[in-house]
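None of these values were measured; they are calculated from a predicted model. Chain letters run A, B, ... following the sequence lines, proteins first, then strands; residues in each count from 1. Below, all heavy atoms of this structure are taken into account, side chains as well, without hydrogens, waters or symmetry copies.
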Amino acid sequence: MNIHAYERLWLVASMVLIVGFIVTITYGTVGLGITMVDDREETISPDDVDEDDRFQDPRVEQVGENEFEAYVVSMTFLFQPDPIEIPANNEVTFYVTSRDVIHSFTVVGTNTNTMVIPGEVSAMTVEFDEPGEYGVVCNEYCGPGHHDMEGSLIVHPEDEYSLTELSVDAPDQVGPGEDVELTISIQNGLLEDLETTVDVEVGDETLEQDVTVPGGETEQVSVTVDGDDLEPGDAEWSASVDDEVETGTVTIGDDADDGGDEP
Amino acid sequence: MTDLFVDEYPEQARLVRAAFLTSFVALGIGALFGVIQALHRTGVFRIVESTTYYTVLTGHGVFLVITFTIFFLVGLYQWAVTDSLQRGPVDARLTWSWYGLMSVGTLIAAIAILAGFLDDPPDVLGSELSADVLFTFYAPLQANPIFYAGLVLFVVGTWLAGADWFRTWWAWKRDHPGERIPLPTFMVLTTMIMWYISSIGVAVAILAFILPWSLGLIDSLNPTLTRTLFWYFGHPVVYFWLLPAYLLWYIVLPKLSGGRLFSDPLARVVFILFVLLSTPVGIHHQYLDPGISEGFKFIAMTNTMFLLLPSLLTAFTVVASMEHGARQRGGTGTLNWLRALPWKDPAFTGMALAGLVFAFGGFTGIVNAGMNINYLVHNSLWVPGHIHTQVGTAVALTFMAGSYWLVPQLTGNRLVGRQIALFQVVLWFVGIVFMTNSMYRAGLIGVPRRSAEPQYAFDYEVGVGSMTELDVQLALGGVLLFVSTVLFLAIILLTAFNTDSDPLVDGTIPPALSGPEDSPRVLDDLRVWIGIALVLVVIAYAIPLASIVDRGGLFGPDVGPFPVVVDGVMYLQHGVAYVGVLIT
Amino acid sequence: MDDSGISTEISHDEFDPIGTLALIALYFVVLTLMWLFTYFVEFVGNAPTPTVLL
Ligand code: HEM
Ligand SMILES: [Cu+2]
Ligand SMILES: [Cu+2]
């Protein structure tokens with residue numbers, strides 16, 4: 001075949017370009033460790049999402065030192081959980097599935113981006129270095145409300161991050177002069193021990209108590225406020241640990257005093 | 001000057017005119033929808049409800065990349081085969097029946113789409129008449145069955161068109177034993193081989209799964225499987241849009257430049273490479289899909305990169321042909337010859353600008369093809385940026401420019417308003433620069449595509465410029481493109497009625513500088529290339545498809561349908577119900 | 001068209017597409033630079049990216 005010398009030259013240059021592109025991408029995989037979303041996860045029927053250990057309660061969990069997992073469900077037209085809260089400088093693996101149609105899970109302004117296909121679970125391991133609030137959007141058309149499908153991802157500084165859950169057992173009503181006793185359960189979702197302080201307020205009284213909750217466990221703390229220190233009537237109470245707060249009201253004295261607040 | 005095409009082949013000219021008419025009607029509607037989207041997305045002006053935006057977007061996609069491009073293709077190819085073999089089809093009834101089938105198919109699909117604008121669409125075949133599923137119709141989003149049926153008819157029509165051209169060629173071969181296939185016909189036949197191999201994918205997806213499922217005959221399907229079959233077809237289809245533009249660049253552009261095609265043999269090699277490599281690459285649209293292993297994605301990536309080769313070779317041959325023309329017109333110097341090109345000719349200028357845009361768009365295509373870098377751009381506005389530089393300009397602007405040269409030969413009428421035509425192609429170029437500049441940059445900061453209101457609670461981090469500036473550019477570019485389309489349609493319409501004028505067109509195509517005699521005959525042995533192409537397809541797809549079916553089952557893990565209804569109430573109920581389940 | 005304006009016939013052997021070579025060489029350079037920028041600045045700078053942490 002009769003090919004002009006310049007064209008031969010260009011043919012060689014073209015091959016150099018092509019091989020150069022392939023080499024760059026291979027370097028991304030091998031050198032930078034970038035992995036593609038792939039078939040490493042088992043399939044899951046969209047009907048079984050509610051029975052699945054990971055997805056029936058979409059959440060973030062700590063699974064190892066500096067390792068977290070986030071189980072995320074996409075559906076028309078929202079993400080769960082919302083917001084998703086994770087620590088900075090830790091490996092977080094997102095597992096995302098869909099209940100209905102094809103969506104995406106895309107953290108705007110980052111390369112954390114995957115299609116979400118019903119029947120499949122997308123898995124991505126990332127580490128966010130910069131704390132802040134990121135937008136999460138669906139960038140695959142999923143129906144008339146597609147543009148409303150938005151979530152958020154909050155990346156907390158590592159030392160401010162907790163997976164603490166609080167629940168409080170408090171009376172609705174006590175007799176005049178009786179003590180008010182609050183039982184506070186603190187669940188520590190992190191693997192490390194949680195050393196913290198429980199702050200309790202009932203009416204104008206404030207109390208503090210130090211507590212250590214071992215990793216992955218729940219501790220109960222009881223706090224008693226002397227009934228004589230409280231005014232009759234409705235008293236607001238609150239219990240807080242770090243950023244978690246629970247509040248309620250307790251009625252002191254006869255319920256005839258004030259508006260009926262019986263449950 | 002030889003006889004005009006319309007005088008030599010009046011029957012064929014009629015068919016080409018009919019095909020162009022359908023194509024240009026679709027272009028008009030598509031452009032109207034395009035400008036509606038450009039203004040809506042950016043919040044400049046919202047004439048439809050945001051839920052109806054997706055009806056508009058479905059129409060834009062289907063009318064432009066199915067109707068406009070493919071009807072132009074069949075018209076152009078009918079011209080190319082007739083003109084280069086110097087004979088009509090064996091049986092004109094077949095020719096008109098494929099045109100009829102394609103038209104009926106388009107009409108049915110269009111009715112299903114446009115019904116989305118009704119407040120209360122009628123029920124047809126047991127479900128509401130609508131098709132707000134975009135041109136990719138990813139299951140489990142579901143359209144009315146007639147939408148899929150229309151698409152099938154359309155595709156069968158194109159298959160018959162290919163059969164018609166093959167038949168014409170066989171008849172010609174009997175009369176011309178031992179002759180090389182004329183280059184335009186060679187391009188037509190190779191394009192159609194690629195199309196046959198690739199459109200099987202979408203045919204299987206629709207006929208075996210989506211259509212029966214939309215009719216309620218089967219109640220579940222495997223979304224990864226139908227999606228993979230779609231993209232098996234979805235990448236080659238972009239070459240189905242592009243190759244007619246290549247035909248014009250190889251056959252007509254050198255002539256318009258005042259020169260001759262630089263190399264006929266390389267043109268053949270290029271088209272053969274497209275036959276071989278267009279199909280085993282479709283998985284590059286699924287880099288971010290779960291359920292497909294990284295190995296398959298890597299193979300698709302390397303194949304795709306090699307698919308760059310024919311386009312890079314084309315760049316050389318086409319530019320060299322232009323340079324040849326310029327030098328014959330007295331051009332000198334290393335680059336000064338560029339000035340000697342016929343820049344006042346809208347047909348030339350349109351194609352040259354289209355080629356320039358294509359060279360840039362080629363770069364963005366490399367980025368899309370780059371596997372891991374796909375995390376950056378996947379489904380962001382970058383992708384419509386790429387779409388509009390490639391099919392939306394390299395192809396569309398070449399078609400418009402080519403029409404300025406062809407339509408006079410098809411009608412016997414002189415082109416009306418050559419100056420305005422020149423303005424029109426330049427206006428398109430300016431419009432596309434604004435619109436895609438905005439789309440590419442917005443895509444890089446994460447603005448999603450396919451969204452009626454890409455304005456969220458968070459702010460995008462715009463590095464250079466501002467969101468307002470990006471929005472203004474997109475809206476402005478869209479308006480310029482729309483105006484340019486209207487001008488084009490007006491010029492063509494006036495030309496069609498500009499009877500009793502002289503066309504002033506010379507339809508002869510000069511022979512290539514290096515002719516087919518410089519290339520081995522095996523290039524024309526189409527069976528060899530079909531064989532190799534099929535082997536490559538099997539290598540690239542057999543294992544991925546087997547693995548997808550093995551994972552999710554042929555009919556999927558119980559994935560029910562989600563008909564897209566305009567008001568979205570159903571979705572809301574759906575969502576609320578699940579939230580309810582979770583709370584309790 | 002009417003302004004084909006061909007003044008000299010240039011045959012295959014006389015034609016030296018040096019201008020094309022220059023343009024295509026420029027294209028080569030532009031492609032390489034844009035690729036490196038897009039990959040290493042835009043993409044790698046858009047962290048975090050899904051990885052196997054090494
Ligand atoms: C008047 C000129 C045009 C304007 C103003 C325009 C505008 C737009 C806009 C704004 C989008 C993005 C919509 C979104 O993602 O939300 C879009 C998408 C698209 N356009 Fe155009 N466009 C024009 C012409 C064309 C042409 C000529 C073609 C092809 C021949 C084309 C093919 C497409 C395709 C395939 C999409 C993607 C559709 C999808 O995501 O489903 N457009 N267009
Ligand atoms: Cu969506
Ligand atoms: Cu592709």
Side-chain angles (χ1 to χ4, degrees), chain A residues 1-4 6-7 10-11 14-15 17-18 21-22 24-25 28-29 34-39 41 43-47 50 75-78 80 99-102 104 106 108-109 111 113-115 117-123 133-135 137 139-147 150 152, chain B residues 50-51 54 134 138 140-141 222-224 265 287-294 297 301-302 305-306 308-309 312 316 366 370-372 375-376 378-380 445-446 448-454 456-458 460-461 514 518-520 551-552 556-559 562 564 566 568 571 574-575 578 581:
Chain A
M1 227 161 89
N2 177 351
I3 305 178
H4 193 279
Y6 295 167
E7 197 149 24
W10 176 238
L11 190 68
S14 299
M15 292 308 278
L17 271 179
I18 290 171
F21 296 139
I22 296 175
T24 320
I25 293 157
T29 303
I34 301 168
T35 48
M36 302 312 293
V37 175
D38 65 6
D39 58 351
E41 294 300 309
T43 55
I44 174 175
S45 164
D47 292 341
D50 286 329
M75 68 181 84
T76 52
F77 299 103
L78 49 96
Q80 290 178 323
R99 275 181 197 288
D100 38 49
V101 295
I102 299 180
S104 92
T106 305
V108 175
N111 293 326
N113 185 7
T114 180
M115 302 302 300
I117 300 183
E120 295 284 353
V121 176
S122 308
E133 190 168 342
Y134 295 78
V137 302
N139 67 18
E140 183 53 86
Y141 169 64
C142 53
H146 163 59
H147 48 272
E150 178 182 4
S152 77
Chain B
S50 284
T51 48
Y54 304 103
L134 308 190
Y138 294 139
L141 289 176
N222 181 339
T224 306
Y287 285 144
L288 302 197
D289 280 16
I292 299 179
S293 84
E294 179 156 2
K297 293 176 179 176
M301 184 275 289
T302 52
M305 289 299 176
F306 282 102
L308 276 175
L309 192 63
L312 291 172
F316 188 95
I366 296 166
M371 197 169 79
N372 35 41
Y375 277 122
L376 173 67
H378 188 81
N379 271 352
S380 75
I445 56 171
R449 71 186 282 203
R450 295 185 155 179
S451 175
E453 298 177 18
Y456 296 93
F458 59 87
Y460 297 103
E461 276 185 48
S514 163
D518 290 336
S519 65
R551 286 173 65 78
D558 264 336
V559 177
F562 290 84
V564 187
V566 186
Y571 280 80
H574 197 74
Y578 276 117
V581 167

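- Ile117(A) is listed as a side-chain neighbour of Pro290(B), based on a closest heavy-atom distance under 4.5 Å.
- Contacts between Thr35(A) and chain B at a heavy-atom distance below 4.5 Å involve backbone atoms as well as side-chain atoms.
- Within the 4.5 Å cutoff, the side chain of Phe458(B) has heavy atoms near those of the Val137(A) side chain.
- In this structure the side chain of Leu288(B) reaches within 4.5 angstrom of the side chain of Met36(A), judged on heavy atoms.
- For Leu309(B), the parts sitting under 4.5 Å from any heavy atom of chain A are the backbone and the side chain alike.
- Between chain A and the residues Arg450(B), Glu461(B), Met371(B), Glu294(B), the most heavy-atom pairs under 4.5 angstrom are made by Glu294(B).
- Chain A forms more heavy-atom pairs under 4.5 Å with one residue of Tyr287(B), Tyr456(B), Tyr460(B), Tyr138(B) than with any other, namely Tyr456(B).
- His378(B) is not listed as a side-chain neighbour of Thr106(A), based on a closest heavy-atom distance of 4.5 Å or more.
- In terms of heavy-atom pairs under 4.5 Å with chain A, the best-connected choice from Leu134(B), Ile445(B), Leu308(B) is Leu134(B).
- In terms of heavy-atom proximity, Thr51(B) sits nearest to Pro144(A) at CG2-O, 3.5 Å.
- In this structure, CG in Asn372(B) is found 9.5 Å from CG in Asn111(A), a value given to the nearest 0.5 Å.
- Using a 4.5 Å cut-off between heavy atoms, Glu453(B) contacts chain A through both its backbone and its side chain.
- Residue contact with chain B, scored on non-hydrogen atoms closer than 4.5 Å, is absent for Ser104(A).
- The shortest side-chain heavy-atom distance between Ser50(B) and His147(A) falls under the 4.5 Å cut-off.
- Between Phe306(B) and Ile22(A), the closest side-chain pair of non-hydrogen atoms falls below 4.5 Å.
- Heavy atoms of Glu41(A) lying under 4.5 Å from chain B belong exclusively to its backbone.
- Across all their heavy atoms, Ile34(A) and Tyr375(B) have their closest contact at CG2-CE1, 4.0 Å.
- Taking CG of Asn222(B) as the reference point, atom CD of Glu120(A) lies at 7.5 Å (rounded to 0.5 Å).
- Between chain A and the residues Ala452(B), Pro448(B), Ser380(B), Ser293(B), the most heavy-atom pairs under 4.5 angstrom are made by Ser293(B).
- Only the side chain of Ile366(B) comes within contact range of chain A, with heavy atoms under 4.5 Å apart.
- In this structure, the side chains of Tyr141(A) and Leu141(B) come closer than 4.5 Å at one or more pairs of heavy atoms.
- In this structure, no portion of Thr24(A) lies under 4.5 Å from any heavy atom of chain B.
- Contacts between Tyr6(A) and chain B at a heavy-atom distance below 4.5 Å involve backbone atoms as well as side-chain atoms.
- Top candidate by heavy-atom pairs under 4.5 Å with chain A, chosen from Met305(B), Arg551(B), Arg449(B), is Arg551(B).
- The backbone N or O of Met115(A) sits nowhere less than 3.5 Å from a side-chain atom of Asp289(B) that would complete a donor-acceptor pair.
- In this structure, the portion of Ser514(B) lying under 4.5 Å from any heavy atom of chain A is its side chain and not its backbone.
- Heavy atoms closer than 4.5 Å to chain A are found in the side chain of Met301(B), but not in its backbone.
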